[in-house]
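Below: one structure, written as structure tokens.
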Amino acid sequence: MAQHWKTPAGRALRADGLRVADLDTSARPGFRGGKKAGQELLAERSAVLAGLQEKLYANGRSGDTRSVLLVLQGMDTAGKGGIVRHVIGSVDPQGVDHAAFGVPTGQEKKHHFLWRIRKELPRGGQLGVFDRSHYEDVLVARVHNLVPEDVWQKRYDEINRFERKLAEAGTTLIKVAMFISLDEQKKRLRQRLERPDKYWKFNPADIDERGYWPDYQQAYQDLLDRTSTDDAPWYVLPADAKWYARLAVTELLIEALEGLNLQWPPATFDPDTELRRLDSA
Ligand code: AMP
Ligand code: MG
């Protein structure tokens with residue numbers, strides 16, 4: 001297979017200095033092929049991802065406490081669910097700790113905003129996936145004044161401290177902000193209204209949220225500027241092309257897992273002895 005990435009996804013998508021308002025949501029940073037090449041490559045790379053994830057899981061079973069956490073953020077219809085289904089769906093579900101964060105429940109509201117997040121952190125050896133996250137508390141909470149400004153302003157530093165501790169404890173964080181255009185969102189919302197198999201994804205409030213698009217863009221800009229750290233970098237993912245988004249996240253996960261230099265756990269028994277025992281059993 002030809003080398004399709006002219007820049008590795010991890011480098012092509014780094015958030016540093018990026019202006020959300022100037023982002024071309026139909027771009028495919030780092031990738032030089034079209035849809036067909038992308039889909040073929042995705043099939044191949046999904047198998048690589050599955051192999052690496054199995055190694056992480058195997059190490060977890062042998063006491064390795066390291067984990068990987070994919071954080072997905074994006075406006076409605078940006079494709080977070082598609083990443084979970086198509087990218088995470090290609091690995092062994094035993095090794096996945098998945099959590100989706102919606103409007104906080106009554107109980108969750110009584111606690112600090114990180115309380116419900118802590119409960120869902122991946123265990124050693126697991127690939128964690130957050131469909132929305134603690135970042136909602138500096139996005140929707142800010143745009144809709146759910147808390148006073150002095151409260152949400154403090155959260156950026158709190159989040160950075162929280163994530164630094166997580167990283168120090170052995171969790172590799174991959175934070176992906178998915179961006180689609182306002183037009184693309186309209187298309188996708190229309191589909192949800194025209195196809196009975198998509199009604200379940202539609203929420204009438206999603207249409208109202210479109211009126212806050214510039215506020216969300218500003219909130220995303222601040223989030224990227226203030227919480228993209230060496231411990232936990234943000235990746236900005238143009239997501240109009242679903243095939244590209246899925247391929248890029250697959251690559252980000254592969255890069256992260258490769259960075260762990262995982263080996264298969266050594267045998268805790270002597271394989272030759274066991275083979276001899278098996279032969280005569
Ligand atoms: P969905 O991901 O489509 O199921 O929608 C979940 C909804 O929950 C979105 O409208 C989010 O903005 C909302 N949500 C998630 N976290 C929070 C939060 N901390 N505070 C308020 N709303 C939230
Ligand atoms: Mg929704």
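We use all heavy atoms of the structure for the numbers below, so side chains are in, but hydrogens, waters and symmetry mates are not. In this chain, numbering begins with 1 at the start of the sequence shown. Counting starts at 1 for both ligands and their atoms, in listed order.
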Have a look around the Mg ion (ligand 2) and list protein N/O/S atoms under 2.8 Å, or say none.
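Sorted hits: Asp76 OD1.
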Between Phe101 and His134, does the ring centre distance come in under 6.0 Å?
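No, ring centres 6.0 Å or more apart.
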Aromatic centroids of Phe179 and Tyr220 separated by under 6.0 Å
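Distance test on ring centres: under 6.0 Å, yes.
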Between [Y] and [X], is the closest basic N to carboxylate O distance under 4.0 Å?
X: Lys187; Y: Glu184; answer: yes
X: Arg164; Y: Glu168; answer: no
X: Arg188; Y: Asp206; answer: no

Ligand 1 atoms in contact with Arg116 (distance to a heavy atom under 4.0 Å):
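Counting from 1, the qualifying ligand atoms are 16 (N), 17 (C), 18 (C), 19 (N).
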Per the ring pair (Phe, Tyr, Trp, His ring centres under 6.0 Å) rule, what does the pair list look like for residues 6-48, sequence neighbours excluded?
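Qualifying pairs: His4-Phe31, Trp5-Phe31, Phe31-Trp243.
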Tell me whether ligand 1 is touched by Pro104 - counting only heavy atoms on the residue side and a distance under 4.0 Å.
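Within the 4.0 Å threshold, so yes.
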Pick one of side chain, backbone, both or neither for how Val140 approaches ligand 1, counting any non-hydrogen atom pair under 4.0 Å.
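Val140 to ligand 1: side-chain contact only, backbone stays beyond 4.0 Å.
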Once you restrict to heavy atoms under 4.0 Å, what part of Asp76 touches ligand 1? Side chain, backbone, both or neither.
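The part of Asp76 near ligand 1 is the side chain, not the backbone.
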Side-chain contact, heavy-atom cut-off 4.5 Å: Ile254 with Arg45?
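Sidechains of Arg45 and Ile254: in contact.
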Which donor-acceptor pairs under 3.5 Å do the side chains of residues 256-266 make with protein atoms, sequence neighbours left out?
{"residue": "Gln263", "atom": "NE2", "partner": "Asn261", "partner atom": "O", "Å": "3.4"}

Evaluating non-hydrogen atoms only, which member of Ala78, Ala100, Gly102 is closest to atom 17 (C) of ligand 1?
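Of the listed residues, Gly102 has the closest heavy atom.
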For atom 5 (O) of ligand 1, which candidate among Lys80, Lys201, His144, Arg132 holds the nearest heavy atom?
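That would be Arg132.
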Note the single closest protein heavy atom to atom 8 (O) of ligand 1, along with its residue, its atom name and the distance in Å.
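Protein heavy atom at minimum distance: Val103 N, 3.1 Å.
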Tell me whether Val147 shares a hydrophobic cluster with Leu223, the cluster being built from Ile, Leu, Val, Met, Phe, Trp, Tyr side chains joined at under 4.5 Å.
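Yes, Val147 connects to Leu223 through the hydrophobic network.
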Supply the members, apart from Ile207, of the Ile/Leu/Val/Met/Phe/Trp/Tyr cluster built from side-chain contacts under 4.5 Å; use none for a lone residue.
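Hydrophobic cluster check, Ile207: joined to Leu189, Leu193, Phe202.
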Short N or O distance, Leu146 and ligand 1, threshold 3.5 Å exclusive:
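No; every N/O pair is 3.5 Å or more apart.
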